[in-house]
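So the structure is just underneath, and the comments pick up after that.
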Amino acid sequence: MYFLLFSVLACFSMCCCVTPKEKNENFCDLLKSWYGSTLLSVEISRKGFHGEVTTTVDLSPYALSGPRVLLIHRWPRGLYVDPYQLASLSDQSEWRVLLDSVVDLEGPAHKNFGLDTLIYVTSGQISRFLNIAIPVHGRYHEPSHGERFVSVNVELPELLLQAGKYAQQCSLEPHSVVDAPCTADNSSMCQWVKIHHQRGPGLESFKFPVGDKSLVMPVCSGTFLITMLCCAVLSKYLWRHRII
């Protein structure tokens, strides 16, 4: 009886001897281990001019409760996303999207700049694996000399996390603290931790057909001659039948 009481008091005294500084160091070590073990990869699940890019985030094995997740996709000029399509999809999904600029849906690749999309995971309970599928569309490219296809690479997105106010007290190298919009509906800025994550499979790329620049003049000349011939035949028909 006395031995059991003494053991309980000894354990309690040891717990009380743990200083707030040691608790904070333990939390920071756990946080850095969690950040460092994060794995990120992208995959083109549907190719062509109307494709789909799936991003997979693996937060294992140190799962902290209640993190906020933000993915920043930096799309090249050869790709774009349809804001109306994303809005309809986000209403049925556990993520919301914020665009950094107005999207030109019709412009060719050489007359456009890149586009950034901020994807906020809105699920109340973040699971170990996150799979986010974003529909993307290819732009028409300027004709080239001899090249039949052009490759457009899809880079890994930036992964930003928030793990509570105590994370700001930790030294997080090689990760860094950056400012980004707090939510998809709020333009105010919050501090996020930009993760120096482990890379998954290699970069993916789309291949889009392009025109041959050496054929521009023959194609334009042939099109012009056929158009003039059709106009002449149509005019003769209208004159013969007194339609006008």
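These numbers come from a predicted model, not from an experiment.
No donor-acceptor pair under 3.5 Å is formed between the side chain of R139 and the backbone N or O of Y80. Looking only at distances, no side-chain donor or acceptor of R74 sits under 3.5 Å from a matching main-chain atom of P157. Checked by atom type and distance alone, the side chain of S90 pairs as donor or acceptor with a backbone atom of A87 at under 3.5 Å. Formation of a donor-acceptor pair under 3.5 Å by the R68 side chain with backbone atoms of C182 is found in this model. Checked by atom type and distance alone, the side chain of D58 never pairs as donor or acceptor with a backbone atom of L39 at under 3.5 Å.
Under a hydrophobic clustering in which Ile, Leu, Val, Met, Phe, Trp and Tyr are joined whenever their side-chain heavy atoms come within less than 4.5 Å, directly or via other members, V42 and I72 fall into different clusters. L70 and V121 fall into different hydrophobic clusters, where Ile, Leu, Val, Met, Phe, Trp and Tyr are joined by side-chain heavy atoms under 4.5 Å apart, directly or via other members. Under the 4.5 Å side-chain heavy-atom criterion for grouping Ile, Leu, Val, Met, Phe, Trp and Tyr, V193 is not connected to L118 through any hydrophobic cluster. At a threshold of 4.5 Å between side-chain heavy atoms, the hydrophobic network of Ile, Leu, Val, Met, Phe, Trp and Tyr places L105 and V152 in one connected group.
Partners of A133 according to the side chain to side chain contact (heavy atoms under 4.5 Å, CB included) rule, which considers only residues two or more places apart in sequence or in another chain, are E52, T54. Checked against side chain to side chain contact (heavy atoms under 4.5 Å, CB included), F49 has the following partners two or more places apart in sequence or in another chain: Y140, F208, P209. R46 is linked by a side-chain hydrogen bond (donor to acceptor under 3.5 Å, both in side chains) to nothing, counting only residues two or more places apart in sequence or in another chain.
A side-chain donor-acceptor contact under 3.5 Å links W75 and T117. Defined by atom type and a distance below 3.5 Å, a donor-acceptor pair is missing between the side-chain atoms of E158 and H73.
Looking only at side-chain heavy atoms (C-beta outward), I134 and I119 come within less than 4.5 Å of each other. The shortest distance between side-chain heavy atoms of S101 and F113 does not fall below 4.5 Å. When side chains are defined from C-beta on, H137 does not count as touching V81, because their heavy atoms never get closer than 4.5 Å. Counting only heavy atoms from C-beta outward, the side chains of L71 and L159 approach each other to under 4.5 Å. Between L89 and P135, the closest side-chain pair of non-hydrogen atoms falls below 4.5 Å. Taking the side chain as every heavy atom from C-beta outward, L86 and D82 never approach each other to under 4.5 Å. At least one side-chain heavy atom of L238 sits under 4.5 Å from a side-chain heavy atom of L234. With contacts defined as side-chain heavy-atom distances shorter than 4.5 Å, the pair M189/P181 qualifies.
When all heavy atoms are compared, the tightest approach of A184 to L98 is O-CD1, 3.7 Å. Contact between L156 and L40 at its shortest, heavy atoms only, is CD2-O, 3.9 Å. Across all their heavy atoms, G138 and L79 have their closest contact at CA-CD2, 4.1 Å. A pairwise comparison of heavy atoms in H141 and V210 identifies CB-CG1, 3.6 Å as the closest pair. Pairing each heavy atom of A109 with each of G78, the nearest pair is CB-CA, 4.1 Å. In this structure, V219 and T223 approach most closely via the heavy-atom pair O-OG1, 2.7 Å.
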Would L115 and V103 count as a side chain to side chain contact (heavy atoms under 4.5 Å, CB included) here? Give the steps. CA-CA 8 Å; L115 174 70; V103 182; 3.8 Å; yes
Check the pair V97 / Y120 against side chain to side chain contact (heavy atoms under 4.5 Å, CB included), numbers first and verdict last. CA-CA 6 Å; V97 62; Y120 294 83; over 6 Å; no
For D179 and Q191: C-alpha separation, side-chain torsions, deciding distance, then whether side chain to side chain contact (heavy atoms under 4.5 Å, CB included) applies. CA-CA 5 Å; D179 291 330; Q191 286 191 333; 3.5 Å; yes
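Atom CD of E155 sits in a sparse spot, with 12 or fewer heavy atoms from other residues, nucleotides or ligands closer than 6.0 Å.
Remark: E204 CD to S45 OG distance equals 9.5 Å, nearest 0.5 Å. Distance CD/E106 to NZ/K111: 13.5 Å, rounded to 0.5 Å.
The one candidate from I132, L161, L130 that meets the side-chain contact (heavy atoms from CB on, under 4.5 Å) condition with V57 is L130.
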